[in-house]
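Notes to accompany the following structure.
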Amino acid sequence: MGRFADFHARSIHDRDAFWGEQAKLVDWKVQPQQICDYSNPPFAKWFVGGQTNLCHNAVDRHLAERADQPALIFVSTETDQEKTYTFRDLHAEVQRMAAILKDLGVVKGDRVLIYMPMIAEAAFAMLACARLGAIHSVVFGGFASHSLATRIEDASPKVIISADAGSRGGKGVPYKPLLDEAIQLSAHKPTNVIMVDRKLAAFTPVAGRDVDYATERAKHMDAVVPCEWVESTHPSYTLYTSGTTGKPKGVQRDTGGYTVALAASIPHIYQGKPGGTFFCTSDIGWVVGHSYIIYGPLIGGMATIMYEGLPIRPDGGIWWSLVEKYKVNVMFSAPTAIRVLKKQDPALLTKYDLSSLQALFLAGEPLDEPTAKWISEGLGGKPIIDNYWQTETGWPILTICNGVEKAPSKFGSPGKAVYGYNVKLVDDQTGEELTGANQKGVLTIEGPLPPGNLQTIWGDDERFVKTYWKTVPNKLVYSTFDWAVRDEDGYFFILGRTDDVINVAGHRLGTREIEESISSHPNVAEVAVVGVADQLKGQVAMAFAIAKDTSGLTDAAARLKLEGEVMKVVDSQLGAVARPSRVFFVSALPKTRSGKLLRRAIQAVAEGRDPGDLTTMDDPAALQQIVDLVKG
Ligand code: ATP
Ligand code: MG
């Protein structure tokens with residue numbers, strides 16, 4: 001057995017010993033008495049009896065050895081700010097923020113909602129909550145008042161921390177009016193709002209409710225606020241899923257399990273080392289931002305870069321310039337961002353010294369082969385490592401764990417099941433496990449879910465059980481709602497979401513397979529395929545594509561010609577059954593604010609239905625384009 005295979009097997013078959021060892025990577029005030037309590041499935045309790053603190057492990061613990069090393073590197077190309085906080089500085093700032101929260105009556109178990117742009121104060125806020133044992137709920141700064149209001153109601157925070165404005169492309173985006181409106185809309189009202197005033201957008205504070213961060217901070221320059229030791233199972237935060245498939249779910253995370261899971265992932269998955277630098281380009285509003293902008297790198301004693309700005313401003317080399325300047329070792333981004341960079345001058349990839357960079361990790365959506373190849377070649381063959389995971393899991397389910405044993409990547413595959421995850425492919429109709437190579441099934445995880453995964457849905461145990469554990473017949477397993485196959489080497493390939501399967505005249509086809517095929521046409525930059533109801537065949541595929549070169553597509557004849565070419569590609573690669581009934585050319589595709597295709601909404605409008613909950617959609621014009629095309 002290879003090293004990784006052995007490591008993985010031990011994590012499943014000798015679970016408590018395995019995780020007991022990993023638990024040594026973090027500091028405990030009180031050692032756990034029991035590693036895993038799974039007496040009430042599917043609810044798992046990790047490191048029972050243990051007491052710890054997330055902020056202690058991310059900050060205080062490092063003071064002895066690396067107080068003067070960089071911890072948080074804040075870079076904003078929006079406001080032209082750049083500031084490095086050492087662990088000592090971070091420790092002081094977090095205590096100041098914690099002191100303000102304490103003044104406002106925040107105690108262990110209280111919720112604090114954070115609605116902030118990517119500024120250092122947002123990191124202080126998250127860590128300060130963790131320090132006090134308060135449960136934070138970060139809401140992505142791009143959400144408007146309706147989405148924000150539903151989250152305020154669900155989390156019922158005592159305090160909200162916000163800022164006057166975010167900034168995008170050099171223009172201020174006011175947050176305060178959206179926040180005020182959201183509080184108005186919400187049945188729950190916070191007692192106080194802490195406002196970080198960046199002086200980007202003037203606002204009127206609400207008397208008696210709003211407090212000014214700078215004023216309060218000045219009163220607490222020497223604040224000493226000790227960490228509140230909490231039970232391992234104490235919730236650290238709640239965070240909503242992206243809402244790609246419907247109403248967002250409030251994922252609830254514990255403290256001890258999450259700390260251990262992240263601490264273990266830094267060496268085993270990311271090959272990060274204390275004193276190194278981690279650069280994750282996500283946003284704190286997403287799970288990737290929680291785990292790998294804030295907590296993971298800091299727990300691992302690494303500096304973390306928090307970047308506010310676009311990937312292409314001042315130019316498409318900005319991220320690589322940061323890699324050079326801060327000697328980034330580990331970089332983490334999303335395929336959608338790489339596709340943006342792909343449209344820029346390729347010379348920007350070779351302009352900077354990237355010798356410090358060990359690997360680039362990508363997660364959040366399928367990594368298509370052309371994008372993977374482009375970035376891999378551009379970075380001179382450095383490992384490009386696909387991570388497959390979910391908000392629910394908090395850290396990767398599938399990837400290559402090079403820190404355990406070096407293994408090659410395969411294009412199109414996120415890799416193998418990560419240690420701790422007892423991944424099973426099952427038949428969705430019978431619940432039967434599929435053990436053969438290249439059999440297509442639903443990717444499920446046998447309980448207990450490993451440390452760091454969701455404990456439940458906030459305030460709704462029943463929804464947790466019903467949503468995730470009751471969808472596979474005859475089995476209590478966690479469903480990811482993604483289709484996958486596993487090849488003879490144990491590498492998984494994600495084929496799309498279970499609700500993205502279309503049934504054409506009895507043939508079950510993954511929309512992702514059809515998209516891959518269409519993407520291989522040289523003039524297709526991006527494409528979404530959905531199933532549309534059809535009287536004859538049950539369903540047919542319909543495609544919405546963005547052409548790379550639109551100059552020749554000015555008239556209907558040219559568009560028809562390209563449409564025909566695309567259909568031929570699908571015919572030859574997958575067969576005529578998968579051929580889309582139509583291929584429409586659009587300038588943009590509707591996505592969630594985290595960059596995921598909203599196939600659910602596309603499908604609804606393609607069938608002339610109401611698209612439903614669109615609160616997490618980024619660009620309404622993109623969906624309107626499809627409405628018009630389908631009608632026309
Ligand atoms: P919701 O659950 O509210 O519908 P969502 O599933 O989009 O939203 P996330 O938790 O942000 O919310 O996304 C997880 C999903 O993203 C996975 O289930 C999978 O479908 C997709 N995904 C993530 N990483 C990858 C990857 N590396 N390859 C393919 N798909 C991925
Ligand atoms: Mg999901």
Side-chain angles (χ1 to χ4, degrees), residues 53-101 114 116-132 136 138 161 163 166-167 194 196-198 213-214 216-227 262 266 272-284 289-309 319 321-323 325-332 356:
N53 181 287
L54 194 47
C55 180
H56 168 84
N57 278 289
V59 183
D60 302 44
R61 173 165 83 118
H62 302 299
L63 293 174
E65 261 185 68
R66 54 190 86 258
D68 296 309
Q69 288 180 16
L72 179 70
I73 301 165
F74 167 62
V75 179
S76 173
T77 51
E78 294 291 330
T79 54
D80 284 325
Q81 281 171 297
E82 206 159 323
K83 184 164 175 174
T84 298
Y85 298 84
T86 63
F87 278 96
R88 190 194 308 285
D89 300 334
L90 185 59
H91 185 236
E93 292 294 356
V94 170
Q95 290 187 91
R96 288 166 194 149
M97 184 69 89
I100 302 172
L101 288 169
I114 298 172
M116 292 176 92
M118 286 283 289
I119 54 177
E121 288 79 2
F124 307 157
M126 291 168 74
L127 290 160
C129 288
R131 193 169 191 86
L132 296 174
H136 62 63
V138 181
I161 310 178
S167 181
I194 302 173
V196 176
D197 189 358
R198 310 176 74 191
Y213 171 69
E216 297 304 310
R217 178 178 174 272
K219 297 180 195 160
H220 292 292
M221 291 309 285
D222 302 318
V224 176
V225 180
C227 289
L262 295 184
I266 293 295
K273 291 187 191 68
T277 304
F278 205 112
F279 178 20
C280 171
T281 70
S282 182
D283 188 285
I284 51 155
H290 281 63
S291 293
Y292 296 109
I293 296 176
I294 306 296
Y295 293 116
L298 293 175
I299 288 171
M302 301 180 76
T304 182
I305 298 183
M306 193 171 179
Y307 175 75
E308 181 190 44
W319 284 355
S321 79
L322 295 177
V323 171
K325 179 166 180 188
Y326 293 107
K327 302 203 166 43
V328 170
N329 310 110
V330 186
M331 190 162 165
F332 193 143
S356 61

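FYI, side chains are in, hydrogens and waters are out, and symmetry mates aren't considered; it's all heavy atoms of this structure. Values in this document were obtained by computation on a predicted structure and should not be read as measured data.
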Task: Residue pair Ile305, Tyr326: steps toward the side chain to side chain contact (heavy atoms under 4.5 Å, CB included) verdict - done: CA-CA 9 Å; Ile305 298 183; Tyr326 293 107; 3.9 Å; yes
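- Residues Leu101 and Cys129 approach most closely at CD1-SG, 4.2 Å, considering heavy atoms.
- By the 4.5 Å heavy-atom criterion applied to side chains, Trp319 and Phe279 are counted as neighbours.
- Side-chain rings of Tyr307 and Phe74 stay apart, their centers remaining 6.0 Å or farther from each other.
- What you find for Ala130 and Leu54 is that their closest heavy atoms are CB-CB, 4.0 Å.
- In this structure, Ala163 and Ile119 approach most closely via the heavy-atom pair CB-CD1, 4.5 Å.
- Ion pairing of Arg198 with Glu78 is absent here, as no side-chain N (NZ or NE/NH1/NH2) approaches a carboxylate O to less than 4.0 Å.
- Pairing each heavy atom of Cys55 with each of Arg131, the nearest pair is SG-NH1, 3.4 Å.
- In summary, Glu82 and Lys325 engage in a salt bridge, as defined by a charged side-chain N under 4.0 Å from a carboxylate O.
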Open item on the list: Before you tell me yes or no, could you show the steps for Tyr292 and Thr304 under side chain to side chain contact (heavy atoms under 4.5 Å, CB included), namely the whole-Å CA-CA distance, both residues' side-chain angles and the distance that decides it to 0.1 Å?
Closed with: CA-CA 8 Å; Tyr292 296 109; Thr304 182; over 6 Å; no
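- Among all heavy-atom pairs drawn from His62 and Gly300, the shortest one is CE1-C, 4.3 Å.
- Minimum heavy-atom separation, Met116 to Ala125: SD-CB, 4.4 Å.
- A donor-acceptor pair under 3.5 Å is absent between the side-chain atoms of Arg217 and the main chain of Ile100, judged by distance alone.
- Comment: Asp222 does not engage Arg96 in a salt bridge, judged by the lack of any side-chain N to carboxylate O separation of less than 4.0 angstrom.
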Open item on the list: Working note: Ile266 + Lys273, criterion side chain to side chain contact (heavy atoms under 4.5 Å, CB included); need CA distance, chi angles, decisive distance, verdict.
Closed with: CA-CA 8 Å; Ile266 293 295; Lys273 291 187 191 68; over 6 Å; no
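- Ring geometry for His290 against His136 counts as tilted: the plane angle lies between 30° and 60°, on a 0 to 90° scale.
- Listed for the Asn329 side chain is a donor-acceptor partner under 3.5 Å among the backbone atoms of Thr277.
- Ring pair His56/His91: centre-to-centre distance not below 6.0 Å.
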